[in-house]
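Both ligands and their constituent atoms are indexed starting at 1 by order of listing.
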Amino acid sequence: MDAAPILIFDSGVGGLSVADPIMRALPDAQIIYAADNAGFPYGSKEEAEIAARVPALLGRLVERYRPALVVIACNTASTIALAHVRAALDVPVVGTVPAIKPAAELTQTGVIGVLGTPATVRQRYVDDLAARFASHCVVLRHGAADLASHAEAVLRGEAVPDAAFSDAMAGLLDAEGGDRMDVVVLACTHFPLVSDRLAAIAGQRLAFVDGGAGIARRTAHLLSDQQWRIPHLPHKVVFTADAPAVEALRPALLRHGYADIEIL
Ligand code: DGL
């Protein structure tokens, strides 16, 4: 039997940083990439709103696209709503949580930074990851309120000034111990899409880590017995709102492998 598609979900286009390595790991799989642009940004929302919105929306998407597996390619949604989503859906769900474990393995100085959305960096889930995997480290956290929006603008082809990226990095670099920080966890899936801009601000001494490659490996493992249709059906992006920004994103989406756009 032909395998069903993989549904990859984010509030916006940030999840492309997770979808890209999944596409490389499973080149025969069809990907349905769902962006909740009607709810973007999640990072400035209250927990209760995300905990209600994400399982309901994923329920609709699963009913419509019948995926083999769902990837929540969003740290904010995963750290708040992963358990709710797993309870509500009857398909396997892979989440995206801050890559604190690999960062703690990589650091030489023992100071790591977690750059996420304001909602992500205040989650208990992040406390638990830090306690489990980085108890020997100082873990600095910064919630960069506008950085996901800046990343969306970059993908729409708009010019975003360097100050937007230096302001975000300053939240970590100017914190106590920030001068010794050598690894930064990109704990929002939008941020790897602009890691070149962040690296240009930060200089050579910082390594950036994110969860994309690990999530692709996990997804490929969970789907290792699927028989993909060759050639696969075209990849597709589904937005929850019809907005002018959707058309502006079309060239970037094409570069990432998506020719089809649909509005839910
Ligand atoms: N891409 C999402 C994340 O990984 C959040 C962006 C937003 O604020 O909606 O956290």
(message) Does only the side chain of C188 get under 4.0 Å from ligand 1, or the backbone, or both, or neither? Count heavy atoms.
(response)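 Contact part for C188 vs ligand 1: both backbone and side chain.
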(request) Answer side chain, backbone, both or neither: which part of C74 comes under 4.0 Å from ligand 1, heavy atoms only. (result) both
(message) For H136, I'd like to know if atom NE2 has over 12 heavy atoms of other residues, nucleotides or ligands within 6.0 Å.
(response)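 Enclosed.
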(message) Please check if the number of heavy atoms outside E176 that lie under 6.0 Å from its CD is greater than 12.
(response) no
(request) Run the contact test for G14 against ligand 1 with a 4.0 Å cut-off on heavy atoms, strictly below, and give the result. (result)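 No; G14 lies far enough from ligand 1 that no heavy-atom distance drops under 4.0 Å.
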(request) Return yes when G12 approaches ligand 1 closer than 4.0 angstrom through a heavy atom, no otherwise. (result) no
Which protein non-hydrogen atom lies closest to [atom], naming both residue and atom, and how far is it?
| atom | result |
| --- | --- |
| atom 6 (C) of ligand 1 | S11 OG, 3.4 Å |
| atom 10 (O) of ligand 1 | T76 OG1, 2.6 Å |
| atom 8 (O) of ligand 1 | G43 N, 2.8 Å |

(request) Please find out if less than 6.0 Å separates the ring center of F40 from that of H190. (result) yes
Are [X] and [Y] close enough that a side-chain donor and a side-chain acceptor fall under 3.5 Å?
| X | Y | value |
| --- | --- | --- |
| H235 | D260 | no |
| S78 | T96 | no |
| T240 | D36 | yes |

(message) Looking at Y65 and P5, would you say the former's side chain and the latter's main chain have a donor-acceptor pair under 3.5 Å?
(response)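 Absent.
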State the atoms of ligand 1, each with its element, that fall below the 4.0 Å cut-off from a heavy-atom position in [X].
| X | answer |
| --- | --- |
| F40 | 7 (C), 9 (O) |
| D10 | 1 (N), 2 (C) |
| H190 | 1 (N), 2 (C), 6 (C) |
| T117 | 5 (C), 8 (O), 10 (O) |
| A148 | 6 (C) |

(request) Compute the shortest N/O to N/O distance between Y42 and ligand 1 and return yes if it is under 3.5 Å, no if not. (result)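 Between Y42 and ligand 1, an N or O pair is found under 3.5 Å apart.
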(request) Report yes if some N/O of T189 lies less than 3.5 Å from some N/O of ligand 1; otherwise report no. (result) yes
(message) Is there a side-chain contact between P98 and L129 in this structure, where contact means two heavy atoms from C-beta onward sitting under 4.5 Å apart?
(response)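 Side chain of P98 against side chain of L129, heavy atoms only: contact under 4.5 Å found.
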(message) Check this for me, if you would: do R205 and D182 make a salt bridge, where the nitrogen-to-carboxylate-oxygen distance has to be below 4.0 angstrom?
(response)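 No, R205 and D182 are not salt-bridged.
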